[in-house]
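Quick notes on the structure that follows.
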2 protein chains.
Amino acid sequence: MELAEGKQKFIEAWGKLGSEWGINRTMAQVHALLLISPEAMTTEEIMEQLSISRGNANMTLRDLIGWGLIEKQHKAGERKEYFYAEKDTWAIARQVAQERKKRELDPVIKILNELTSVKGDEKDPEYKTFKTSVTNINKLAKNVNKTLDTMLKAEENWFWNSIFKIFK
Amino acid sequence: MELAEGKQKFIEAWGKLGSEWGINRTMAQVHALLLISPEAMTTEEIMEQLSISRGNANMTLRDLIGWGLIEKQHKAGERKEYFYAEKDTWAIARQVAQERKKRELDPVIKILNELTSVKGDEKDPEYKTFKTSVTNINKLAKNVNKTLDTMLKAEENWFWNSIFKIFK
DNA sequence: ATAAACTTTCAAAAATTTTTGAAAGTTTGA
DNA sequence: TCAAACTTTCAAAAATTTTTGAAAGTTTAT
C-alpha cells in the first residue's frame, strides 16, 4: 500500500472510531491528520487536506486543545498559528479517559448518589428493584471511577506490566 | 425524593450517558426502565411509560436483544411478548464491552494491521511519523484487546479483587 | 492610526440520526 | 378458513448534530 492511501485510510478509520464513541468525526479526523504529520500544521493546511471550512477547522482545533490532545505552536517571525498533536499513545489514551471521566462519569455518579436517598416501602417490589439496581450500578460506577483515577496517575510501563501480571 | 421522581431521574441520566457514548438515547432509556422494573413489561407498557411510538419501541427492543441486554419472555396463556432486563451490573458491563469490542475495536485493529504494511522511504519524515504512530496505536489497541478478552472471561469478584490489589 | 494578516463567531444550510404511524405481515384459536 | 391479537417494516417527518462562510474581531508592524 502507498503512503498516501495509508494516510487516507488511517484518517477514515480514526474518524469512524471517534464517531462510534460519541466524538465528532471531523474532530477525530483532524486529530488523526496531526498524529501522522511530522510537522505542526496551520489551519489553512488542515482545511485543505480534509476539505473542511475555516469555521469548522477553527472550532475543531479549539475543541482538540480543550481535550488536551493538541497544542498551539508559534514559529519565530510568523503570525500564523501552528498545531501539533501529542504523539505518545499512552498519553492520548490517558487524556481521553480523564476528560470523559470528568465530563460524563462524574455527573452520573453524582446523580446515582442522590438516587440512593430515595425513600420508600421496603415491601414494595417497585421500590426494592429500583433501590437494588441503583445501588449496584452505583457500586460499579465507583469502582470504575477509582480504577480510572489510579490508571490516570500511573506510568505507562508500570500500568501495563501490572495488568499483564494478573491477566496471564 | 419520591420513588416516581427517582425513576424519572434515573431514566434520564441513563439516557444521557448512553447518548454521550454513542448509544441511542431511547435505547438507553428503555434499558433503564426495564432495569428498575421488577416485572417484565410489554411493548405497550414501554411505549406508554416513555411516550414513544410503536415502531420505535419495537426497533429499540430488538436492538437491546441484539446487545444481549434484555430478553423476551412469554407468559403462559398469553400472546403478548414481555421483556425483561438482566439486572446483574457486572454482566451488563461485560456484555456492553464485548459487543463494542466486536463491533468497533476489532475492525479498527484489522485496519491498523493492514497499515503496518505500508512501504516507504525510511528517510522520509512523513513516512517515519506515519509508521511510528500507526505502530504505537496498534500496540495500544492490541493491549486493550487482550485485556478486554481476559476481563470478559473473568468472574466479577476475581476481577475486582485483582484490580484493587494492584491499584491500592 | 491604519491596514494587512490572521482568528473567531454564529445564523443559516446541510447532513445525519431518530422517530413516527399506518400498512403489511404473522401467529393463534375457534 | 377467518379474524382477532399481536409484531414488524419502512418511507416520510421531525429532531439533532455538524458544517459552512461571510462578517466581525483581534493582533501586529509600520
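Everything numeric in this text was worked out from a predicted model, so none of it was measured. First the proteins, then the strands, lettered A, B, ... as listed; each starts at 1. Note that these values count all heavy atoms, side chains included, but never hydrogens, waters or copies made by symmetry.
Nearest heavy-atom pair, B:K128 versus B:T132, reported as atom, atom and distance to 0.1 Å: O-OG1, 2.7 Å. Across every non-hydrogen atom of B:M47 and B:S53, the tightest pair is CG-O, 3.9 Å.
Each of A:N56 and A:Y82 was matched to the nucleotide of DNA chain C holding its nearest heavy atom; the match closer to the 5' end belongs to A:Y82. When the nearest nucleotides of DNA chain C are assigned to A:R25 and A:T43 by heavy-atom distance, the more 5′-ward of the two goes with A:T43.
B:S19 contributes a side-chain N or O that, together with a main-chain N or O of B:K16, makes up a donor-acceptor pair within less than 3.5 Å. B:T116 contributes a side-chain N or O that, together with a main-chain N or O of B:N113, makes up a donor-acceptor pair within less than 3.5 Å. No donor-acceptor distance shorter than 3.5 angstrom exists from the side chain of A:E2 to the backbone of A:A4, with no hydrogens or angles considered.
From the 5' end on, the contacts that DNA chain C makes with chain B at under 4.0 Å to a non-hydrogen atom open and close at C:dT18 to C:dT28.
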Pairs of donor and acceptor atoms involving the side chains of residues 20-36 of chain B, under 3.5 Å and at least two apart or interchain, shall be tabulated with distances.
| unit_1 | atom_1 | unit_2 | atom_2 | d |
| --- | --- | --- | --- | --- |
| B:W21 | NE1 | A:E104 | OE1 | 3.2 |
| B:N24 | OD1 | B:T26 | N | 2.8 |
| B:N24 | OD1 | B:M27 | N | 3.4 |
| B:H31 | ND1 | B:W14 | NE1 | 3.2 |

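By the 4.5 Å heavy-atom criterion applied to side chains, B:E99 and B:K102 are counted as neighbours.
For residues 65-81 of chain B, proximity to DNA chain D is found at B:K72, B:R79, B:K80, B:E81, defined as any non-hydrogen atom under 4.0 angstrom from a strand atom.
The partner of D:dT8, taking Watson-Crick or G-U wobble pairs whose two distances both stay under 3.5 Å, is C:dA23. The partner of D:dT16, taking Watson-Crick or G-U wobble pairs whose two distances both stay under 3.5 Å, is C:dA15.
When heavy atoms are screened at a 4.0 angstrom cut-off, B:S51 is found touching the sugar-phosphate backbone but no base atom. Contact annotation for A:N24: backbone-only contact, meaning every heavy-atom pair under 4.0 Å involves sugar-phosphate atoms and none involves a base.
Here the CD atom belonging to A:E81 is positioned 12.5 Å from the CD atom belonging to A:E44, to the nearest 0.5 angstrom.
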